[in-house]
Amino acid sequence: MPVRIATWNVNSIRARSGRVVDWLQRADIDVLALQEIKCRDDQFPAAAFEAAGYEVATHGFNQWNGVAVASRVGIADVELGFPGMPAFGKPLPDGTVPLEARAMAATVGDGIRVWSLYVPNGRDLADPHYPYKLAWLDRLRAATAERLAGNPDEPVALMGDWNVAPLDSDVWDMAVFEGSTHVSQPERDAFAAFETAGLTDVVRPLIPTGYTYWDYKQLRFPRNEGMRIDFVLASRAFADLVTGASIERNERKGDAPSDHVPVVVELDVESPLDDDRPMIF
DNA sequence: ATGTCGCTTTGAAAGCGA
């Protein structure tokens, strides 16, 4: 049995835990990296996941952002944030700025390292959130390069909502995005730097076109006016295991969808689930 | 149409973030 790993910006896990868990089972997903859980750790609906056979590791902070990893093939060595991660927001009474909950890693299955990432939006080219976004991406790239230098053969994937559209064809109309975040050259350069650091987009070669996000407003989904901003960037060792991928466009349909859809990669490795499966032949 | 969501503060409606 292959291992199926997905990433999904769920836009509040409390608002759609049923829908997410239902999809996990329907799509036969082993590991899910979630973004925008929009809750504290104690508010995460872990019971719904556990009832379906998934362990959960969460990194929530308040009503904003928040990431998590759900797995039915084990979770180990959870890491919250990354070395050098910039902070943003209102200073606390003691003058320090708290770190946002936008990045976590876990080792799943037989030694596969998965990062769940929610890259800062940037808001506007003139907003302080924009240089924060660029610095955040640069520090993540540096931390990733350093980790890869020490573990060149580690299968690792950086997956999540990157909030960058690397190609003009990743948005429905470049004219609409003139002067906006997500398509600026510094953002695209920051994204491309991960490829220079040795990571590759393992979905694009298999699924060359298609969006992963459609705004709730202005009938964007019915008009197919979307953006491709959710990616899986993988090390060589991870990329060599990838045998398939999908963008789950149907998950944008129906009742109370997230504005993002899941992106799935399938790996040619033995699932730990196989070990305790009874032999029936 | 800055046209929809989800969360929070607050006790119905507004602010924030995306």
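At the heavy-atom level, A:R40 lies nowhere under 4.0 Å from the strands shown. Contact annotation for A:R123: backbone-only contact, meaning every heavy-atom pair under 4.0 Å involves sugar-phosphate atoms and none involves a base. Among the protein residues, A:Y118 comes within range of the sugar-phosphate backbone only, with heavy atoms under 4.0 Å from sugar or phosphate atoms but none that close to a base.
Residues satisfying the side-chain contact (heavy atoms from CB on, under 4.5 Å) test with A:T144, not counting sequence neighbours, are A:L140, A:L148, A:L158, A:F194, A:L199. Scanning for side-chain contact (heavy atoms from CB on, under 4.5 Å) contacts around A:E79 gives A:P83, A:A105, A:R113, A:W115, A:R147, with sequence neighbours left out. For A:D28, the side-chain contact (heavy atoms from CB on, under 4.5 Å) partners at least two apart in sequence or on another chain are A:M1, A:R4, A:R72. Residues satisfying the side-chain contact (heavy atoms from CB on, under 4.5 Å) criterion with A:D268, sequence neighbours excluded, are A:T243. Under the ring-ring contact (aromatic ring centres under 6.0 Å, His included) criterion, A:F49 pairs with A:F44, sequence neighbours left out. The ring-ring contact (aromatic ring centres under 6.0 Å, His included) search around A:H129 returns A:F88, A:Y132, not counting sequence neighbours.
Toward the 5' end of DNA chain B, the nearer of the two residues A:R102 and A:I13, judged by each one's closest nucleotide, is A:I13. Nearest-nucleotide positions on DNA chain B place A:D215 closer to the 5' end than the other of A:D215 and A:N62.
Nucleotide B:dC16 holds its P atom 19 Å from the CZ atom of A:F61, rounded to whole Å. Rounded to whole angstrom, the span from the CD1 atom of A:I37 across to the C1' atom of B:dC7 amounts to 14 Å. Rounding to whole angstrom units, OH of residue A:Y213 and P of B:dA18 are separated by 11 Å. Note: CZ (A:R19) to P (B:dG6) measures 11 Å, nearest angstrom. Rounded to an integer number of Å, the gap from CG of A:N65 to P of B:dG6 is 17 Å. Between the CD atom of A:Q43 and the P atom of B:dC7 there is a distance of 9 Å, rounded to whole Å. Protein atom OH of A:Y216 is 21 Å distant from nucleotide atom P of B:dC16, rounded to whole Å. Between A:F44 atom CZ and B:dG6 atom P the separation is 16 Å, expressed in whole Å.
Here the separation of B:dA1 from B:dA13, taken at their P atoms, is 26 Å to the nearest Å.
Between the side chains of A:K133 and A:N121, no donor-acceptor pair is found at a separation under 3.5 Å. Side chains of A:S258 and A:E251: a donor-acceptor N/O pair is absent below 3.5 angstrom, by distance only.
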Table of protein N/O atoms under 3.5 Å from nucleotides 13-15 of chain B N/O atoms:
none

Using a cutoff of under 3.5 Å, can you pull out all pairs of nitrogen or oxygen atoms linking the protein to nucleotides 1-3 of chain B, with atom names and distances?
none

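Nearest to the side-chain atoms of A:N11 among the listed nucleotides B:dG6, B:dA18, B:dC7 stands B:dG6.
Contacts classified as salt bridge (Lys or Arg N to Asp or Glu O under 4.0 Å) and involving residues 226-242 of chain A (residues at least two apart or in different chains) are given here: A:R236-A:D240.
Taking each heavy atom of A:Y211 and A:W172 in turn, the nearest pair found is OH-CA, 3.1 Å.
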